[in-house]
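None of these values were measured; they are calculated from a predicted model. Below, all heavy atoms of this structure are taken into account, side chains as well, without hydrogens, waters or symmetry copies.
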Amino acid sequence: MRLICIAMIFVLSLPAMSQPLQPLESNRKGVEILRKSLKAYGGQGAIDSMRLAFKMHNSRNISRGQSLAAHRPFEPYFAYYDFMIDRPRGIEWEARKSSIAGFVFENNIIYKNGKAINYDPLLKQYSEFNGNSIANSMTYLPHNIIITALRAPLSVRYIGDQLLGKDDVYCITYSTGNNLDNVFIDKKTHYIVKLQRMSAGTAGEELNEFFFKNHRKVGRLAIPESTDVVRHSSVYGSITNNYAFFDFAPDFTIDTSWLRAPSDYKLADYSYRKNFEVRQLAKDIYLLENITNSRGQWSYNVLFVVMDEYVLVAEAPLNSATTDRVLAKIKEVAPDKPVKYLVQSHHHDDHLGGIRSYIAEGTTIITTANNVDLIQKMAKVSFNAFPDRLAQNPKAPVIETIRNKKHVIKDQNHEVVIRYWSQPTRQ
């Protein structure tokens, strides 16, 4: 039922097309077109035998989720990638370097037979995890879109023909996981011109559009020379990122010695982290540790204070489902006290994403003035496909802003002092 809801939203957003076929016929024709497209990209045999190295550069990439600014214009960040794929031996390598909001990240990730190793040259450590392939590879290898669609053939529907700019295209829709995709395939070349992906995130239902440009043959495969990705959101507006691909080297063979960590690297060990639990720091002060049960480099904690008549919480990480788990744990400690205040430090996606459940709870949000408009927009976004508690019972957020760099919450036995510190604004 959820996927049907998404389909109704998404299909209605498309321009007018030819009269749709009956379901069985539209499924048959959609699958037929996808198979022709796969053949145009080189066919399954060429994909399975692919040995390829190339580079990718984000010529324009916007760090919306980690920008120093809460509002447009968001900061751009740079990212460079080296990709190496050796399909016959089931090995893929991804070397990436990026800078976001002044932080530099560098990772070398190698995948083999469902396992992956992430090498961090900055920390001189490595970690192991389950993984089959380079993430988001459809951005530069659009044949993976075709393969994904053909793995769910019963969801495939041919919608009709459309003129997309100067291109006469087929439009096909299919569903995978919690996403619904529309793929536009050039009727002459059978290459993908555009992909539309509808998904639900912390900022509501979003539409991502991928535009694949200037396909060229590299060995037996067809690969675009660039991809533009446009992300449409009712909270953040539309943001465009550009990806360019170059230095293609077919018949590239990965050196298997790369599967072994350098001698000066240590295995990252986060086994000291306990599962999601409450730790008392002092009288009436508690820390919810590792709220996602992470065993990786990144984890999140939430602080809360049990006041005389209510509870004060600091931070709303990740998403509504995470906040619901946090609230349930808080109510185990203070079952008869409402969560009256949430202190929200800043606007980054991973710290703000769970705020909607606090709004649904009726919690007053304490934050800085530059976050108010963002929080108000997040409270209004559409969650028709996967409704959270706020979507089921909409209400406006209650917000208090910190003034004069200091905000005090107190009762007879407690005093919480919230101080506001900010970096100088970049010009």
Of Ile85, Ile47, Leu221, the residue whose pairing with Leu141 passes side-chain contact (heavy atoms from CB on, under 4.5 Å): Ile85

Steps toward side-chain contact (heavy atoms from CB on, under 4.5 Å) verdict (Phe83, Glu94): CA-CA 5 Å; Phe83 295 122; Glu94 174 184 8; 3.5 Å; yes

For Asn290 and Tyr270, which I'm curious about, is there any donor-acceptor pair between the side chains at under 3.5 Å? no

Tell me whether the count of non-hydrogen atoms from other residues, nucleotides or ligands lying under 6.0 Å of NZ in Lys380 goes above 12. no

For Asp264, check salt bridge (charged side-chain N to carboxylate O under 4.0 Å, His left out) against everything at least two apart and list the hits. Lys124

Just how far is it from atom CD1 of Ile117 to atom OH of Tyr126, taken to the nearest 0.5 Å? 7.5 Å

For Asp167, salt bridge (charged side-chain N to carboxylate O under 4.0 Å, His left out) partners two or more places apart: none

List in chain and number order the residues that pass side chain to side chain contact (heavy atoms under 4.5 Å, CB included) with Ser127, two or more places apart in sequence or in another chain; answer none if no residue qualifies. Asn118, Ala268

Applying side chain to side chain contact (heavy atoms under 4.5 Å, CB included) to Arg35 and not counting sequence neighbours gives Val31, Leu150

Measuring from atom CG of Asp350 to atom CG of Asn319, what distance do you get when rounded to the nearest 0.5 angstrom? 11.0 Å

Among residues at least two apart in sequence or on other chains, which ones pass ring pair (Phe, Tyr, Trp, His ring centres under 6.0 Å) with Phe304? Tyr286

Donor-acceptor contact below 3.5 Å, side chain Glu225 vs main chain Arg216: no

Got a salt bridge between Lys29 and Glu32, using NZ or NE/NH1/NH2 to carboxylate O under 4.0 Å? no

Ignoring hydrogens and geometry beyond distance, is a side-chain donor-acceptor pair present between Ser37 and His190 at under 3.5 Å? no

With rounding to the nearest 0.5 angstrom, report the NZ to CZ distance, Lys194 to Phe211. 4.5 Å

Quick test of your reading of the model: are Arg197 and Asp181 salt-bridged, counting only N-O distances below 4.0 Å? yes

Distance col, row Thr148:OG1 vs His143:NE2, nearest 0.5 angstrom, shows 9.5 Å

Of all residues at least two apart in sequence or in a different chain, which pass the salt bridge (charged side-chain N to carboxylate O under 4.0 Å, His left out) check with Arg356? Asp388

For Leu24, does the CG atom have more than 12 heavy-atom neighbours from other residues, nucleotides or ligands under 6.0 Å away? no

Are the side chain of Asn27 and the backbone of Val156 linked by a donor-acceptor contact shorter than 3.5 Å? yes

So how far is it from Phe210 CZ to Leu195 CG, rounded to the nearest 0.5 Å? 6.0 Å

Thr363 side chain to Val339 backbone, donor-acceptor under 3.5 Å: yes

Do any N or O atoms from the side chain of Arg295 and from the backbone of Arg273 form a donor-acceptor pair under 3.5 angstrom? yes

Return yes if a side-chain donor-acceptor contact under 3.5 Å exists between Glu400 and Thr364, otherwise no. no

I'd like to know if the side chain of Arg157 pairs up with that of Asn182 as donor and acceptor (distance under 3.5 Å, no hydrogens or angles considered). no

Determine whether the aromatic ring centres of residues Phe54 and Tyr140 are separated by less than 6.0 angstrom. yes

More than 12 non-hydrogen atoms from neighbouring residues, nucleotides or ligands closer than 6.0 Å to NZ on Lys36, yes or no? no

Could you tell me whether Lys329 and Glu277 make a salt bridge, using a distance below 4.0 angstrom between a side-chain N and a carboxylate O? no

Considering only NZ, NE, NH1 and NH2 on the basic side and carboxylate oxygens on the acidic side, decide whether Asp48 and Arg87 come within less than 4.0 Å. no

Has the side chain of Ser233 got a donor or acceptor atom that lies under 3.5 Å from a matching backbone atom of Glu206? no

Donor-acceptor side-chain pairing of Asn179 and Thr176 below 3.5 angstrom: no

Do any N or O atoms from the side chain of Thr323 and from the backbone of Gly354 form a donor-acceptor pair under 3.5 angstrom? yes

Spatial distance of atom OH (Tyr420) from atom OG (Ser345) [nearest 0.5 Å]: 11.5 Å

